[in-house]
J.: 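Could you have a look at this structure, given as structure tokens, before my questions?
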Number of protein chains: 2
Amino acid sequence: MTPALRLDADDPTPPYEQLRRQFVDLIGSGVLPPGERLPPLRQLAGDLGLAVGTVARTYRELEAAGLVRSRRGGGTRVTRDVPPPEAGPALDRHATAYARQARLLGADLEAAVTALRRSWPAG
Amino acid sequence: MTPALRLDADDPTPPYEQLRRQFVDLIGSGVLPPGERLPPLRQLAGDLGLAVGTVARTYRELEAAGLVRSRRGGGTRVTRDVPPPEAGPALDRHATAYARQARLLGADLEAAVTALRRSWPAG
DNA sequence: CTCCTTGTGTCAACCGATTGATACAAGGTC
DNA sequence: GACCTTGTATCAATCGGTTGACACAAGGAG
């Protein structure tokens with residue numbers, strides 16, 4: 001099972017790049033461990049409403065970065081060796097980004113925490 | 001004196017958006033205080049190697065967000081008041097985005113909250 | 001008022017990203 | 001071997017961002 005990947009339509013960043021960054025996070029943090037298989041091109045493209053070529057570009061760039069290995073018929077899998085430039089700090093990076101935005105909006109820490117708890121999906 | 005603004009040529013994110021995000025950071029963090037003047041369009045465009053229209057778009061979006069006020073002949077300055085009406089919904093938007101990233105990384109709510117508290121600037 | 005500054009608007013042109021379709025190549029399964 | 005899956009490659013077409021140039025509008029300073 002692959003985590004829910006999503007695209008922000010309001011973000012001018014091209015979809016192939018949004019996708020790439022999410023995979024970098026997932027691989028770097030170990031959510032997608034070495035050997036884990038990424039979704040087939042057509043399946044992921046269908047789920048996200050993208051063209052096959054767009055997802056293919058994401059996979060191509062991930063492979064160029066050495067994070068992934070693609071084989072025809074065999075799918076795309078996370079590389080065995082782990083080049084971790086930002087493995088652990090992934091969550092902290094996003095936390096910092098959220099904190100910055102919250103402060104920009106005039107919120108204090110507790111307001112930010114409350115908003116976070118409110119936004120957390122049930123489960 | 002305006003902080004060093006830089007563009008990452010390797011980042012597929014359009015320049016006007018890279019610029020916009022940097023100003024959001026600078027304003028939100030107080031580096032650019034209320035009333036502070038942003039560089040003139042032509043000057044900033046010249047320094048960054050951009051067309052005037054590209055920088056103009058950044059300023060236009062900042063103004064639409066209420067962070068900045070542009071006047072012909074008078075330049076563009078940081079707004080006196082922090083945008084209060086959009087604060088609530090905007091905070092929720094960022095909280096949701098952070099929550100999603102955190103869950104993507106396999107973190108639970110408490111881990112996300114801890115990371116947030118850790119990332120919150122002192123003061 | 002005059003002149004300079006500065007933001008705004010428009011235009012044609014180029015480039016990169018995306019789409020949707022099609023065809024092809026290579027691994028996996030039977 | 002045949003067959004399905006999956007990644008790769010190409011194509012024309014569309015869309016958005018960017019450029020460079022130019023004209024215009026409005027505030028500031030003398």
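Throughout, protein chains are lettered first and strands after them, A, B, ... in sequence-line order, and every chain is numbered starting at 1. Values reported hereafter were calculated over all heavy atoms of this structure, with side chains retained and with hydrogens, waters and symmetry mates removed.
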J.: Just to be sure I understand the geometry, which residues of residues 49-61 of chain A put a non-hydrogen atom under 4.0 Å away from DNA chain D?
T.: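 Correct list: empty, so none.
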J.: Hey, are A/R20 and A/E17 close enough for a salt bridge, meaning a charged N less than 4.0 Å from a carboxylate O?
T.: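 A salt bridge links A/R20 with A/E17.
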J.: From the options D/dG7, C/dT8, D/dG17, select the nucleotide whose nearest atom is closest to the side chain of A/P40.
T.: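 For the A/P40 side chain, the nearest candidate turns out to be D/dG7.
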J.: Taking the side chain as every heavy atom from C-beta outward, state whether B/V78 and B/L67 have any pair of such atoms under 4.5 Å apart.
T.: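 Of all side-chain heavy-atom pairs linking B/L67 with B/V78, none is under 4.5 Å.
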J.: Would you say A/T76 reaches D/dG7's phosphate, i.e. side-chain N/O to OP1/OP2 under 4.0 Å?
T.: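 Checking A/T76 against D/dG7: at least one side-chain N or O falls below 4.0 Å of OP1 or OP2.
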J.: B/L7 CG to D/dG17 P: how many Å, rounded?
T.: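 Value for this atom pair: 16 Å.
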J.: Can you measure B/R77 atom CZ to D/dA26 atom C1' for me and round it to whole angstrom units?
T.: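 From B/R77 CZ to D/dA26 C1': 15 Å.
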J.: Out of curiosity, does B/L44 fall in the hydrophobic cluster containing B/L7 (side-chain heavy atoms, cut-off under 4.5 Å, transitive links)?
T.: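 Yes; tracing contacts between hydrophobic side chains, which count when under 4.5 Å, links both residues.
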J.: Between protein and nucleotides 23-30 of chain C, map the contacts as a letter string: B base, S sugar-phosphate only, - none, heavy atoms under 4.0 Å, written 5' to 3'.
T.: B-BBB---
J.: Just the rounded figure in Å: distance from P of C/dG7 to OH of B/Y16.
T.: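 Answer to the nearest Å: 20 Å.
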J.: Starting at atom CD of B/Q43, determine the distance to atom P of C/dT5, rounded to an integer number of angstrom.
T.: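 Roughly 12 Å, once rounded to whole Å.
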J.: Rounding to 10 degrees, work out the angle separating the end axes of the helix from C/dC1-D/dG30 to C/dC30-D/dG1 (five pairs an end).
T.: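 Angle reported: 30°, given to the nearest ten degrees.
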J.: Could you check how far CG of A/L48 sits from P of C/dT18, rounded to whole Å?
T.: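 Atom CG in A/L48 sits about 12 Å away from atom P in C/dT18.
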